[in-house]
Student: 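First, the structure itself, so that you have it in front of you.
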Amino acid sequence: MTTANPLLDFSGLPRFRAIAPRHVEPAMETLLAAARATIERVADDTAPPTWSSLVEPLADVLDPLDRAWGAVRLLNAVVDTPELRAAHNAAQPKVVAFHVELAQDRRLFARYRALREGPAYAGLDAVQRKFVDDQLRDFRLGGAELAAADQARFKAAQEELAALSTRFQENVLDATNAWAYRITDPRELDGVPADVVAAAREAAARDGEDGWKLTLHMPCYRPVMQYAEDRALRRRLHEAYATRASDLGANAQWDNGAIIPRILALRHEKAQLLGYANYAQVSLVPKMARDPDEVIAFLRDLARRARPYAERDLAELAAYARERLDLPTLEPWDLAYAAEKQRLERYDYSAQELRQYFPEDKVLSGLFRVVETIYDVAISEAAAETWHPTVRFFTIHDRRGALVGEFYLDLYARPGKRGGAWMDDAINRRRSERGLQHPVAYLVCNLSAPVAGKPATFTHDEITTIFHEFGHGLHQLLTRIDVAGISGIQGVEWDAVELPSQFMENFCWEWSVVEAMSCHVDTGAPLPRAIFDRVLAAKNFHSGLAMLRQIEMGLFDMLLHAQVASPGSAHWDSPQAVLAAVRREIAIVPYAPYDRFGQAFSHVFAGGYAAGYYSYKWAEVLAADAFSLFEEHGVVAPAIGARFKDEVLSRGGSRSAMESFVAFRGRPPQLDALLRHNGMIGPA
C-alpha cells in the first residue's frame, strides 16, 4: 500500500509520475519534524554515545529527507514549471534552516566529540572512524563552535545564500529560455547542418510559426556558431549568449549582476565568522589542495606550460582566417566558425557528418561494453517511473546476478531543463537494520534529441560528455561502503571527485571502443578506421587554447574568493574587474566588451564549485595518470579495472583521495600523462 504523498513513499524508487507541486511542502514539513524529533532524542541522551545510539538513528532519519528533497531538486532542474518552482522555493528555506541548525547543534557536536574520545571509538572500524572524524570537521565548518550571536548570523547568511544561488540559476535558465530568433529567409542558415535546421523548423512549428526558431540551448547554439556562414547571425547569437542574465540587452529582469557581490559578501562573512581570512580557505579545508596559494601556483604553472601551444594555435588560426576565410580580424563570434573550417580542411572530417555514425543506442551499448568488461558487471535497461517520456532507466548487476545499483539517464535538451550535464545521487548506499540500501543515480545531459523520425545521433564531444557523467555515476554506484555520508561520492574531496569522470573520457579516443559504438544511422556501416585516424590526429587541435580557457575560469574563481578585503570595501575589486585582470594574464583570444561570463557562471554561484573550479584541472592530472596504467596493459584491461574499482571507485570517502590514488597507481600522481594526452610534450 502506497502513501498518499508520493514524496513520503520510500518503499522503492521515486514515484515521479505521482509527484506534484502540492506534495512538496507537506512532505518536507513531515520529514523535518521527524528529523528534529530524532535529533532531540539523540542529543539529550545521557549515556555514553555509541555508533548505534548516535550515528545510526540520525542516518535513519536523514536518509529519507535527503531522498525526498533530492527528488524535488531534480524535478526543479529538469522539468521546471512556475508551480514546481514556487513549491521548491517555498520549501527550500526550511530545508536549509534545518541543515544549518543541525551543523550548529552544540549538543550533537559534544556527543560526537564524546564518541571520538570515548571507549566506543576503539571498537569502530576504519570506515566508521573516518565518518566520525569528518562529522567533527563539518560541525566546526558549520559553526558549531561559534557564540550564539555569531551562530545566528551564520545561519542567516547560509539561508540567504541558498536563496540567492537558486535565484541565480533561475535567472540563467529563464534568460536562456526567453531568447529566440525566428528566421524566415533560409539563406541566413547557409552552412548550418541539416539536422540542426530540421530541429529549428520543428521548434518554430511547435510555436505555431513558419520558418525556423534558433535558441541558446547548446544543441542549437554550438553548431550555429561553428557552421553558420552568416557572420551577422553568429554575432547575434554570441551577444545573446554572452549577456545572459546580465544588465545588457533584454536581460534586465534576470540580471545576476547584483546577486554575485551579495553571494561573495555572504561567503566572506561566513569565513570570517569561522576565523578564516577568506572563503577560499574555508572551501579548501575538506579538499586535497592545502591552501589558495597552492591552487593559484598550480594553475599558473599549467598556464605557463600551455601558453606556447595556445599561442601557436591562435597564430595559425588567425593566419588561416585571413588567408582562407577573408577575415582580417578574428572576433569572438568568429572563433568557433574559423576553428571548425580549419579543422575540417586540416583533418578532412566534419563533426556533424561524424555524428551520423553514432546513434544513441549504439553509443550506449559501446559505453556499457567498456564498463562491463573492465568492472565485471552487467548493465540492463529496466522499467521505472520517470519525469519525462524520453528518460531511460538501467540496472547494474554483478556477475553473480546481485544488484549493484541503478540509474536514470536523461540525455536531451528541452525547454524548462537546466543547461549543462551533471550526476546527482537519488539514493545512497547504506546498511541499516532493514538491510542494504542500493545506490541510485541521476545522470543528466543536454544533448541533441531525435529529429525527423531518426534516432538521436551524437557528436564526439557529446559522446565524451556521456562518458564523463557516467564516470561520476560509477563512482556513486560501484561503492562498497555501507556508511551513509562516505559511500559513493559522499565525503570525497571535491578536487578529486572529477577523477572517475575525466578518467572515463579517455576511452572515447580508443579505436576498439569507438569502432564498437559506431553504426551509420542510415547505412549501418561502422566508422571507417581512416576517419577515426583523422579524428585522433585532431584530438589536440587547439588543446592549448582549451586548457587556457579552463585555467582562466579556475583562476577567476579562486582569486575572487581569496580576496582578503570584503566586497564593498575600498580594496575589493568587482567580479568583472577580477575577470578582466585574469583574462589579461591568462587569455590570448579576443573577448567582446559586452561579455558577462560571470553572470552565468552557475558552477561557482549556483553549484558546488565555489573556490573549487580548479578541481577540473587538478583531477585531470589524477585521471590522466590513472589512465596511463590502463594504457600500459591494453586499455580495456579487466585486471587493471578491478584494481581501479577496488582502490578508487568502491572506496567512497572512507579514506583520503590521495591514499586511494596511491593504492591504485603505486605512487603519487605525476603531471607527465596530462601533458602527453594534451600534446604538450615537445616544442610548440
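Since this is a predicted model, take the numbers as computed values, not measurements. What you see below is based on every heavy atom in this structure, not just the backbone, and it leaves out hydrogens, waters and symmetry mates.
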Student: Does either side chain, that of S246 or that of T243, offer a donor lying less than 3.5 Å from an acceptor on the other one?
Tutor: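 No donor-acceptor contact under 3.5 Å links the two side chains.
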
Student: Counting only heavy atoms not in R480 (residues, nucleotides, ligands), do more than 12 fall under 6.0 Å from its CZ?
Tutor: yes

Student: Among R85, Q253, R244, find the one that has a side-chain hydrogen bond (donor to acceptor under 3.5 Å, both in side chains) with D174.
Tutor: R85

Student: With a 3.5 Å cut-off and no angle check, do the side chains of Q599 and N171 form a donor-acceptor pair?
Tutor: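 There is no such pair between these side chains.
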
Student: Tell me if a side-chain donor or acceptor on E659 pairs with a main-chain N or O of S656 at a distance below 3.5 Å.
Tutor: yes

Student: Quick one: list whatever passes side chain to side chain donor-acceptor pair (under 3.5 Å) with D425, sequence neighbours left out.
Tutor: N428

Student: Taking only residues two or more places apart in sequence, or in another chain, which ones meet A91 in a side-chain contact (heavy atoms from CB on, under 4.5 Å)?
Tutor: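 Partners of A91 by the side-chain contact (heavy atoms from CB on, under 4.5 Å) criterion, ordered by chain and then number, come out as V24, E25, M28, W69.
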
Student: Before we go on, tell me: are the rings of W387 and Y442 under 6.0 Å apart, centre to centre?
Tutor: yes

Student: Can you give me the closest heavy-atom contact between L74 and V444, atom names plus distance?
Tutor: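 So the minimum-distance heavy-atom pair works out to CD1-CG2, 4.3 Å.
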
Student: Give the ring-plane orientation class for F16 versus Y408, where under 30° counts as parallel, over 60° as perpendicular and anything between as tilted.
Tutor: perpendicular

Student: Sub-3.5 Å donor-acceptor pair from the side chain of W494 to the main-chain atoms of G612, do we have one?
Tutor: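 Absent.
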
Student: Please tell me whether Q92 and R73 have a donor and an acceptor in their side chains that are separated by less than 3.5 angstrom.
Tutor: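 Looking only at side-chain atoms, R73 and Q92 do not form any donor-acceptor pair under 3.5 Å.
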
Student: Looking at every heavy atom in both L264 and H561, which two are closest together, and how far apart are they?
Tutor: CD2-NE2, 3.5 Å

Student: Applying ring-ring contact (aromatic ring centres under 6.0 Å, His included), can you list everything that pairs with F556, at least two apart in sequence or on another chain?
Tutor: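 Listed in chain order: nothing, the list is empty.
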
Student: Check side-chain contact (heavy atoms from CB on, under 4.5 Å) between P48 and all other residues, then give those that pass, not counting sequence neighbours.
Tutor: none

Student: Closest heavy-atom contact between H475 and P500?
Tutor: ND1-CG, 3.3 Å

Student: Any side-chain heavy-atom pair from N278 and R267 closer than 4.5 angstrom?
Tutor: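 The answer is no; the side chains never approach within 4.5 Å.
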
Student: List the atom of Q151, the atom of G143, and the distance in Å for their closest heavy-atom pair.
Tutor: NE2-O, 3.0 Å

Student: Answer yes or no: is there a side-chain heavy-atom contact under 4.5 Å between D482 and S487?
Tutor: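 No; the side chains remain at least 4.5 Å from each other.
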
Student: Have a look at V42 and tell me which of D44, D45, T38, I39 forms a side chain to side chain contact (heavy atoms under 4.5 Å, CB included) with it.
Tutor: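 Passing option: T38.
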
Student: Can you confirm whether more than 12 heavy atoms, excluding those of E117, are under 6.0 Å from its CD atom?
Tutor: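 Check passes, neighbour count above 12.
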
Student: Could you tell me whether the side chain of Q563 and the main chain of W572 form a donor-acceptor pair under 3.5 Å?
Tutor: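 It does not hold such a pair.
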
Student: Do the side-chain N and O atoms of Y609 and Y614 include a donor-acceptor pair separated by under 3.5 angstrom?
Tutor: no

Student: I'd like to know whether CZ of R153 has more than 12 heavy-atom contacts from other residues, nucleotides or ligands below 6.0 angstrom.
Tutor: yes

Student: Should L248 and R596 count as side-chain neighbours, where that means a heavy-atom distance under 4.5 Å?
Tutor: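 Yes, at least one pair of side-chain atoms sits under 4.5 Å.
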
Student: Using a strict 4.0 Å threshold on nitrogen-to-oxygen distance, state whether E552 and R549 make a salt bridge.
Tutor: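 So E552 pairs with R549 through a salt bridge.
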
Student: Flag the pair L141 / E145 as yes when at least one side-chain heavy-atom distance between them is below 4.5 Å, and no otherwise.
Tutor: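 Answer no - side chains too far apart.
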
Student: Could you work out, with side-chain contact (heavy atoms from CB on, under 4.5 Å) as the rule, every residue matching E101, not counting sequence neighbours?
Tutor: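 Listed in chain order: R36, A97, K155.
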
Student: How far apart are the C-alpha atoms of H603 and Y616, what are their side-chain angles, what is the distance that settles it, and do they pass the side chain to side chain donor-acceptor pair (under 3.5 Å) test?
Tutor: CA-CA 11 Å; H603 275 77; Y616 282 101; 3.2 Å; yes

Student: Check whether any side-chain heavy atom of L65 lies under 4.5 Å from a side-chain heavy atom of F98, and answer yes or no.
Tutor: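 Yes, close enough: below the 4.5 Å cut-off.
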
Student: Is a side-chain N or O of S53 found less than 3.5 angstrom from the main chain of T50, in a donor-acceptor match?
Tutor: yes

Student: Return yes if some donor-acceptor pair links the side-chain N/O of N446 with the main-chain N/O of R418 below 3.5 Å, else return no.
Tutor: yes

Student: Any chance you could lay out the salt bridge (charged side-chain N to carboxylate O under 4.0 Å, His left out) test for E620 and K617, step after step, and finish with the verdict?
Tutor: CA-CA 5 Å; E620 193 177 349; K617 300 314 295 182; 2.6 Å; yes

Student: Go through the structure and list residues passing ring-ring contact (aromatic ring centres under 6.0 Å, His included) with Y241, not counting sequence neighbours.
Tutor: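 Y241 satisfies ring-ring contact (aromatic ring centres under 6.0 Å, His included) with Y221 only.
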
Student: Do S615 and E498 have side-chain atoms, one donor and one acceptor, less than 3.5 Å apart?
Tutor: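 Absent: no donor and acceptor within the cut-off.
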
Student: So which of L108, V55, V132, L54 actually passes side chain to side chain contact (heavy atoms under 4.5 Å, CB included) with P49?
Tutor: L54

Student: Report yes or no: does N256 contribute a side-chain atom to a donor-acceptor pair with the main-chain N or O of I259 at less than 3.5 Å?
Tutor: no

Student: Which heavy-atom pair separates A289 from V295 by the least distance, and what is that distance?
Tutor: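 Looking at all heavy atoms of both residues, the shortest contact is CB-CG2, 3.6 Å.
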
Student: Verify, without hydrogens or angle tests, whether D557 (side chain) and A611 (backbone) share a donor-acceptor contact under 3.5 angstrom.
Tutor: yes

Student: Judged by modelled atom types alone, do D63 and Q437 share a side-chain donor-acceptor pair under 3.5 Å?
Tutor: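 The criterion, which ignores hydrogens and geometry beyond distance, is satisfied for Q437 and D63.
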
Student: Under the ring-ring contact (aromatic ring centres under 6.0 Å, His included) rule, collect the residues that match up with H472, sequence neighbours excluded.
Tutor: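 With sequence neighbours excluded, H472 shows a ring-ring contact (aromatic ring centres under 6.0 Å, His included) to H468, given in chain and number order.
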
Student: Evaluate the side-chain proximity of H88 to T166: yes if any heavy-atom separation is below 4.5 Å, no if none is.
Tutor: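 The answer is yes; the side chains approach within 4.5 Å.
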
Student: Scan for ring pair (Phe, Tyr, Trp, His ring centres under 6.0 Å) pairs involving residues 121-151, sequence neighbours excluded, and state none if there are none.
Tutor: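 Residue pairs with at least one partner in residues 121-151: W51-F131, F109-F139, Y112-F139.
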
Student: If the condition is salt bridge (charged side-chain N to carboxylate O under 4.0 Å, His left out), which residues does D60 pass it with, not counting sequence neighbours?
Tutor: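 Result, salt bridge (charged side-chain N to carboxylate O under 4.0 Å, His left out) vs D60: R430.
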
Student: Heavy-atom distance under 4.5 Å between the side chains of R113 and L136, does that happen here?
Tutor: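 Counting from C-beta outward, R113 and L136 do come under 4.5 Å.
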
Student: Which residues pass the salt bridge (charged side-chain N to carboxylate O under 4.0 Å, His left out) test with E83, sequence neighbours left out?
Tutor: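 Applying salt bridge (charged side-chain N to carboxylate O under 4.0 Å, His left out) to E83 gives none.
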
Student: So, do R107 and E40 sit near enough that their side-chain heavy atoms are less than 4.5 Å apart?
Tutor: yes

Student: So does R651 get a backbone contact from the side chain of S654, meaning a donor-acceptor N/O pair under 3.5 Å?
Tutor: yes

Student: Under the salt bridge (charged side-chain N to carboxylate O under 4.0 Å, His left out) test, which residues partner K287, sequence neighbours left out?
Tutor: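 K287 satisfies salt bridge (charged side-chain N to carboxylate O under 4.0 Å, His left out) with no residue once adjacent residues are dropped.
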
Student: Any ion pair linking R129 and D133 (charged N to carboxylate O, less than 4.0 Å)?
Tutor: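 No, D133 and R129 are not salt-bridged.
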
Student: If the condition is side chain to side chain donor-acceptor pair (under 3.5 Å), which residues does D138 pass it with, not counting sequence neighbours?
Tutor: none

